[in-house]
Peer 1: 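One structure follows; several queries about it will come next.
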There are 2 protein chains.
Amino acid sequence: MSRPDVIRVAPLVRRRVRLPKRDAAYSAGDAARSIYAVRAGTLKTHFTSRNGREKVAGFHLPGEIVGLDSLASATHPVSATALEDASLCEIPADALKTRATEFAALHHRLVENFGESSRRDRELATMLVLMSADERIATFLLDYSSRLAARGYAASEFLLRMTRDDIGNYLGLKLETVSRVLTRLANTGFIAVRSRHIAILDRDALQSVSTGTFVPSQSVDGARN
Amino acid sequence: MSRPDVIRVAPLVRRRVRLPKRDAAYSAGDAARSIYAVRAGTLKTHFTSRNGREKVAGFHLPGEIVGLDSLASATHPVSATALEDASLCEIPADALKTRATEFAALHHRLVENFGESSRRDRELATMLVLMSADERIATFLLDYSSRLAARGYAASEFLLRMTRDDIGNYLGLKLETVSRVLTRLANTGFIAVRSRHIAILDRDALQSVSTGTFVPSQSVDGARN
DNA sequence: CGTTCCATTGATTTTACTCAAGTCTAGTGG
DNA sequence: CCACTAGACTTGAGTAAAATCAATGGAACG
């Protein structure tokens, strides 16, 4: 969870793509021909697990890159779907591959990006294993906020572009639990919730919830595992 | 979870390292000078999460590579500790970096390796979110078995080199739960357990447990999330 | 060969899930 | 433009899976 994966690849961009809400930039299994920089809008990446259940892999804000994980294989391992009308820059994978070795700087950026995404995956796994529902939601909100801030958007008041169900799937919670936790955090005055509009009212408190230092209601522990 | 990340890097190896049980090849935060191929023995990678809790990131069998995730940053993001006396091949990172752009094939292997590890991380996250304790343990045993088999070891009878606590931490379960599930799987006759010695007696059944098709005791669902 | 770490098993509690009912919101068509 | 509808969200009550607490047994290690 963190900084957007900004990468300057202007000379490689093939074309702009308009992607209406609910449409997929690519689907799991598609030939891996391109990666995409998110220009505007929000995407989610998702896939069907071996036992047929749908899993949200991540959310992608403007300025971030999707599809990099396809460079290793012939096909896209996940699908990328627009949560709202979006606009993308398509970057052909072959150009990226051949010219990556050509230009050390670009190669370096790629390696960096992989490192970044593996760090994020590691943190997600940690979150799923070690954190309570409250900690996960608090962490999610703070991460979302900081990613928006890094792109120049308001950090303390924003619109969630995804459903409670998507958030829950991503964090390993049921949508009812997501709803309850948001309500609880709102009741303690740490955030304000108006459907998908979120305002962070007390960032420090939210931070302490995310680290398990503070626990909203009565339960005294917060420690898991 | 899957295939070992075999990579032929003989010409780059600097030296062999003997690593006694409980010693670390490197620790989180160390300068990222080298990556390591596991020659013999088993390692675990682990790190301290933001809230100070220890998390097992993965287990690494002979023939696999550790430390690749450090290429992106200046320091190692995780620690690598020997679960038993081990022997490693040290590969200097700078040689890998400079010569990776030199040799397209090696560069390709690196990209591939990142793709593989991100696939594994994604599956781990899925496992943690969507799977019951029984499914996780069954999946873990089958993965462990197939990784051993890929290196020429017996696939159906092996020794777990890590504690129940390590397994539990990795899978997001408490050690007691790990113990209980192993006992349950043994009672149904799918595996045999003698402390850390595991024998897979009915691979198909274990497979069906791992996919949630079969559920050992009484509970009828197996579905989560 | 005793000490320490690891594993098992049982009883109880807790967290988040499930099931269910009802409300709100945004998008649609009359 | 308003009414209608479908999807999204909230809230409540009861349940289940795994965590926690606790005590004992077994293996490994110096």
Side-chain angles (χ1 to χ4, degrees), chain A residues 20-22 44 53 83-85 127-138 159-187 191-198 209 212 215-225, chain B residues 20-22 44 53 56 83-85 127-137 159-187 191-198 209 212 215-225:
Chain A
K21 184 170 176 174
R22 269 182 284 277
K44 71 170 175 183
R53 286 171 271 190
L83 293 170
E84 56 184 325
D85 291 351
M127 180 147 82
L128 297 177
V129 165
L130 300 174
M131 291 186 173
S132 69
D134 288 1
E135 291 171 283
R136 291 183 217 185
I137 296 288
L159 199 54
L160 294 173
R161 311 315 288 229
M162 67 293 293
T163 67
R164 303 285 192 260
D165 199 22
D166 278 340
I167 297 173
N169 187 309
Y170 178 63
L171 296 177
L173 301 169
K174 302 305 296 188
L175 67 97
E176 296 96 326
T177 304
V178 174
S179 178
R180 280 184 236 275
V181 172
L182 287 175
T183 304
R184 205 178 313 162
L185 290 174
N187 286 341
I191 64 174
V193 181
R194 251 188 30 259
S195 78
R196 294 192 183 179
H197 300 263
I198 302 287
V209 172
V215 179
S217 54
Q218 56 276 46
S219 64
V220 187
D221 75 314
R224 290 160 61 95
N225 259 271
Chain B
K21 183 169 177 175
R22 268 183 284 278
K44 70 170 175 183
R53 284 171 274 190
V56 173
L83 292 170
E84 58 184 324
D85 291 351
M127 180 147 84
L128 297 178
V129 165
L130 300 175
M131 290 188 176
S132 69
D134 288 6
E135 291 171 284
R136 292 183 216 184
I137 297 287
L159 198 53
L160 295 173
R161 311 317 286 228
M162 68 292 293
T163 67
R164 303 286 193 260
D165 199 22
D166 278 339
I167 297 172
N169 187 309
Y170 178 64
L171 296 177
L173 301 168
K174 301 307 291 189
L175 67 98
E176 296 96 325
T177 305
V178 174
S179 180
R180 281 185 236 275
V181 172
L182 287 175
T183 304
R184 205 179 311 162
L185 290 173
N187 287 341
I191 63 174
V193 182
R194 254 189 25 260
S195 78
R196 294 192 184 178
H197 300 264
I198 302 287
V209 172
V215 179
S217 55
Q218 54 277 45
S219 65
V220 188
D221 75 312
R224 291 160 63 93
N225 257 268

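Just so it is clear: chains get the letters A, B, ... in the order the sequence lines come, proteins before strands, and each one is counted from 1. Nothing here was measured: the structure is a model prediction, and the numbers come from that model.
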Peer 1: Please state whether the phosphate of C:dC17, meaning OP1 or OP2, lies under 4.0 angstrom from any side-chain nitrogen or oxygen of A:Thr177.
Peer 2: yes

Peer 1: Choose from D:dA18, C:dC6, D:dC21 the nucleotide whose nearest atom is closest to any side-chain atom of B:Glu176.
Peer 2: D:dC21

Peer 1: Given atom NZ of B:Lys21 and atom C1' of C:dC6, what is their separation to the nearest angstrom?
Peer 2: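 Distance, rounded to whole Å: 11 Å.
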
Peer 1: Respond yes when some side-chain nitrogen or oxygen of A:Thr183 is under 4.0 Å from OP1 or OP2 of D:dT11, and no when none is.
Peer 2: yes

Peer 1: To the nearest 10 degrees, what angle separates the axes at the start and end of the helix from C:dC1-D:dG30 to C:dG30-D:dC1, five pairs each?
Peer 2: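 The value is 50°.
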
Peer 1: OP1 or OP2 of C:dT8 less than 4.0 angstrom from a side-chain nitrogen or oxygen of B:Arg180, does that happen here?
Peer 2: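 No, B:Arg180 has no side-chain N/O under 4.0 Å of OP1/OP2 on C:dT8.
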
Peer 1: Can you measure B:Leu83 atom CG to C:dC6 atom C1' for me and round it to whole angstrom units?
Peer 2: 14 Å

Peer 1: I want to check something: taking the side chain as every heavy atom from C-beta on, are A:Leu171 and A:Thr177 in contact at a cut-off of under 4.5 Å?
Peer 2: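 A side-chain contact is absent here, since even the closest heavy-atom pair is not under 4.5 Å.
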
Peer 1: Which whole-number value in Å describes the distance from B:Ile167 CD1 to C:dT8 C1'?
Peer 2: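 Rounded to whole Å, this separation is 14 Å.
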
Peer 1: Minimum heavy-atom separation for B:Tyr170 to B:Val56, with atom names?
Peer 2: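 The pair with the smallest heavy-atom distance is CD1-O, 3.7 Å.
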
Peer 1: Measure the distance from CG on B:Leu182 to C1' on C:dA7 and round it to the nearest whole Å.
Peer 2: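 B:Leu182 atom CG is separated from C:dA7 atom C1' by 10 Å.
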
Peer 1: Given C:dA16, C:dT9, D:dA19, identify the nucleotide with an atom nearest to the side chain of A:Leu173.
Peer 2: C:dA16

Peer 1: Answer yes or no: is there a donor N or O on one side and an acceptor on the other, between the side chain of A:Arg164 and the main chain of A:Leu175, under 3.5 Å?
Peer 2: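 Looks like no, no N/O pair under 3.5 Å.
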
Peer 1: Between A:Arg196 and D:dC9, is there a side-chain N or O to OP1/OP2 distance below 4.0 Å?
Peer 2: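 So the side-chain polar atoms of A:Arg196 do come within 4.0 Å of the phosphate oxygens OP1 or OP2 of D:dC9, strictly under.
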
Peer 1: Looking only at the side chain of A:Arg164 (C-beta and beyond, no hydrogens), which of the listed nucleotides D:dT20, C:dC6, D:dT10 gets closest?
Peer 2: D:dT10

Peer 1: May I have the step-by-step check of side-chain contact (heavy atoms from CB on, under 4.5 Å) for A:Ile137 and A:Val178, ending in yes or no?
Peer 2: CA-CA 7 Å; A:Ile137 296 288; A:Val178 174; 4.0 Å; yes

Peer 1: Starting at atom CG of A:Leu160, determine the distance to atom P of D:dA8, rounded to an integer number of angstrom.
Peer 2: 15 Å

Peer 1: Quick one: which of C:dT8, D:dA19, D:dT10 gets closest to the side chain of B:Lys174?
Peer 2: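 Nearest listed nucleotide: D:dA19.
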
Peer 1: Please report, rounded to the nearest Å, how far the P atom of D:dG30 is from the CZ atom of B:Arg22.
Peer 2: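 It is 7 Å, rounded to the nearest whole Å.
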
Peer 1: For the pair made of CG in A:Leu128 and C1' in C:dC17, what is the distance, rounded to whole Å?
Peer 2: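 A:Leu128 atom CG is separated from C:dC17 atom C1' by 16 Å.
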
Peer 1: Could you tell me whether a side-chain N or O of A:Arg196 sits under 3.5 Å from a main-chain N or O of A:Leu159, the two making a donor and an acceptor?
Peer 2: no

Peer 1: Below 4.0 angstrom, N of the basic side chain to O of the carboxylate: do A:Arg53 and B:Glu135 qualify?
Peer 2: yes

Peer 1: Can you find a heavy atom in the side chain of B:Thr183 that is under 4.5 Å from one in the side chain of B:Val193?
Peer 2: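 Sidechains of B:Val193 and B:Thr183: no contact.
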
Peer 1: Heavy atoms under 4.0 Å, any strand shown: does A:Thr163 hit a base, just sugar-phosphate, or nothing?
Peer 2: sugar-phosphate

Peer 1: Let me know the distance between CG of A:Leu175 and P of C:dT23, rounded to the nearest Å.
Peer 2: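 A:Leu175 atom CG is separated from C:dT23 atom P by 18 Å.
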
